[in-house]
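Since the structure comes first, as structure tokens, the remarks are kept for the end.
Here, residue 1 is the first one in the sequence, and each next residue gets the next number. As a basis for the values below, the full set of heavy atoms in this structure was taken, side chains included, without hydrogen atoms, waters or symmetry mates.
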Amino acid sequence: MTFLEQLPIYSGKTWKRFSVEEIEENPSEFSIFMAKHSFSILKLGSNSAQNVKSAWISSSKFFADCNNNGPEDIIRMKSWGDVGYLKTEGEKQFWQMRWTDSTDFPWPSNPPDFKNDFKNCFLTLDSIGRTCLSSLASGISLDTSLFLSMLDPAKMPSGKYSNSLLSTYDYFESREEKTSCKIHKDMGLLTIVPRARISGLQCLDYETMSWVNVESDGEYDEDEVVIFTSDCLERLTAGFYSSCLHRVVRESSETRRYSIVFKLRARPDALLNAQRLD
């Protein structure tokens with residue numbers, strides 16, 4: 001067992017929540033909190049929460065269809081950064097999308113609302129990510145557009161695919177170990193994870209050096225998401241915002257767990273004017 005695996009579980013007070021409006025109105029408070037802890041829990045507005053909820057419903061129907069028939073009408077992923085469906089033996093199955101209007105995109109035909117639900121969920125989480133990224137720049141006295149200029153345009157050119165990703169996972173219940181996803185950091189700028197009904201996601205709090213059960217912190221609320229910083233943002237800010245170490249530890253290996261994950265990523269050709277960081 002590694003040093004990180006042996007760190008204790010956080011037993012302090014309920015984790016602080018931010019609303020998107022609070023982040024916009026007081027970016028410095030959000031910035032300081034993220035610099036200390038590398039992650040936070042956000043409370044969604046009613047429209048955003050409904051878009052995420054619809055994606056949850058379509059996700060569960062999609063995986064039920066996969067289990068019964070197999071998604072024969074969509075392409076299989078060839079690599080982790082690809083789009084489409086992938087199943088790993090005895091571990092999990094998942095589906096991944098990039099935003100596009102291309103007619104070649106492998107949308108599942110079942111459930112019928114899957115395409116619309118996941119497009120709305122992508123736009124919702126992308127908008128939240130852009131708001132948070134802007135506030136994190138403002139919180140350290142940078143032009144709010146500095147980091148935003150590295151992202152895909154808000155309206156993607158026709159036929160092009162976004163660099164940001166939205167994925168939905170189904171972790172199988174027959175795993176021998178309870179750790180569904182080992183300790184790691186994410187690529188990109190920010191990761192946003194709607195709180196799952198079956199808890200498991202743990203983030204390492206760098207202030208207390210303890211693991212926080214962010215999905216079982218307080219009563220379950222489907223109107224909340226977890227947001228944490230990733231590798232690219234850590235590099236851009238010279239470590240001011242540390243990339244969040246996280247893992248998934250399920251309460252029982254016999255429990256099936258579904259997850260939705262959005263990763264906000266910069267364009268590969270994006271350039272940052274370092275003079276603006278002085």
Side-chain angles (χ1 to χ4, degrees), residues 1-17 32-42 79-81 86-94 96 132 165 167-221 224-265:
M1 185 176 289
T2 67
F3 167 74
L4 289 174
E5 291 173 321
Q6 296 180 68
L7 290 175
I9 301 298
Y10 177 78
S11 59
K13 60 184 179 180
T14 302
W15 209 249
K16 180 176 175 57
R17 269 74 169 158
I32 292 170
F33 191 88
M34 292 294 283
K36 282 184 179 180
H37 306 288
S38 78
F39 65 95
S40 178
I41 298 175
L42 305 185
S79 67
W80 292 103
L86 183 66
K87 181 177 182 179
T88 59
E89 189 64 33
E91 182 179 357
K92 64 190 173 194
Q93 57 183 340
F94 69 102
Q96 184 163 272
C132 291
L165 298 163
S167 310
T168 180
Y169 296 85
D170 171 17
Y171 292 96
F172 299 143
E173 55 200 29
S174 59
R175 291 177 57 89
E176 295 180 0
E177 58 180 308
K178 291 184 180 181
T179 304
S180 302
C181 188
K182 298 189 181 206
I183 299 172
H184 69 287
K185 299 177 180 180
D186 285 352
M187 297 171 57
L189 295 161
L190 294 171
T191 298
I192 303 176
V193 184
R195 290 181 71 183
R197 290 186 177 275
I198 303 298
S199 64
L201 177 62
Q202 296 179 347
C203 295
L204 182 63
D205 175 26
Y206 293 131
E207 186 174 58
T208 62
M209 288 305 290
S210 59
W211 292 102
V212 179
N213 288 308
V214 290
E215 289 180 327
S216 58
D217 176 78
E219 295 184 2
Y220 172 77
D221 191 337
E224 293 179 341
V225 299
V226 181
I227 183 167
F228 47 87
T229 50
S230 302
D231 287 349
C232 185
L233 189 61
E234 178 180 69
R235 289 181 176 239
L236 288 176
T237 60
F240 184 85
Y241 297 118
S242 297
S243 184
C244 179
L245 278 165
H246 56 285
R247 65 185 179 184
V248 176
V249 181
R250 292 183 294 173
E251 296 177 359
S252 170
S253 58
E254 298 179 356
T255 303
R256 199 157 196 147
R257 181 178 185 275
Y258 298 97
S259 176
I260 292 177
V261 179
F262 176 78
K263 296 179 180 179
L264 186 69
R265 293 185 172 177

Using atom types as modelled and distance alone, determine if a side-chain donor or acceptor of [X] lies under 3.5 Å from a backbone N or O of [Y].
| X | Y | result |
| --- | --- | --- |
| Arg257 | Tyr171 | no |
| Tyr206 | Leu245 | yes |
| Arg17 | Trp15 | yes |

[atom2] on [Y] to [atom1] on [X], rounded to 0.5 Å:
| X | Y | atom1 | atom2 | answer |
| --- | --- | --- | --- | --- |
| Ile183 | Leu204 | CD1 | CG | 8.0 Å |
| Ile41 | Glu224 | CD1 | CD | 6.0 Å |
| Leu42 | Ile227 | CG | CD1 | 5.5 Å |
| Leu201 | Ser259 | CG | OG | 7.5 Å |
| Leu264 | Asp186 | CG | CG | 11.5 Å |
| Ile9 | Trp211 | CD1 | CH2 | 8.5 Å |

Next on the checklist: Before you tell me yes or no, could you show the steps for Phe172 and Lys87 under side chain to side chain contact (heavy atoms under 4.5 Å, CB included), namely the whole-Å CA-CA distance, both residues' side-chain angles and the distance that decides it to 0.1 Å?
Outcome noted: CA-CA 10 Å; Phe172 299 143; Lys87 181 177 182 179; 3.8 Å; yes

Item to check | Contact summary for Val214 and Arg195, nearest pair of heavy atoms | outcome: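 For Val214 and Arg195, the tightest heavy-atom pair comes out as O-NE, 3.2 Å.
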
Side chains of [Y] and [X]: any donor to acceptor distance under 3.5 Å?
| X | Y | value |
| --- | --- | --- |
| Ser38 | Ser242 | no |
| Gln96 | Ser167 | yes |
| Ser210 | Asp205 | no |

Item to check | Criterion side chain to side chain contact (heavy atoms under 4.5 Å, CB included) on Met187 and Lys263, from CA distance to verdict | outcome: CA-CA 8 Å; Met187 297 171 57; Lys263 296 179 180 179; over 6 Å; no

Item to check | Qualifying ring pair (Phe, Tyr, Trp, His ring centres under 6.0 Å) pairs with a residue from residues 231-250, counting only residues at least two apart or across chains | outcome: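 Ring pair (Phe, Tyr, Trp, His ring centres under 6.0 Å) check on residues 231-250 returns His184-His246, Phe228-His246.
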
Next on the checklist: Within the structure provided, determine whether Met34 and Ser40 are in side-chain contact (heavy-atom separation under 4.5 Å).
Outcome noted: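 They are in side-chain contact.
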
Next on the checklist: Side chains of Leu189 and Ser230, heavy atoms from C-beta outward: is any pair under 4.5 Å?
Outcome noted: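 Not touching, per the 4.5 Å side-chain cut-off.
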
Checklist entry - In terms of the angle between their ring planes, are Phe39 and His37 parallel, tilted or perpendicular, with boundaries placed at 30° and 60°? => result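 Taking His37 first and then Phe39, their aromatic rings stand perpendicular (interplane angle over 60°).
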
Item to check | More than 12 heavy atoms of other groups within 6.0 Å of Lys16 NZ | outcome: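 Yes, NZ of Lys16 has more than 12 neighbouring heavy atoms, counting only those of other groups under 6.0 Å.
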
Item to check | Evaluation steps, side chain to side chain contact (heavy atoms under 4.5 Å, CB included), between Leu190 and Thr229 | outcome: CA-CA 5 Å; Leu190 294 171; Thr229 50; 4.0 Å; yes

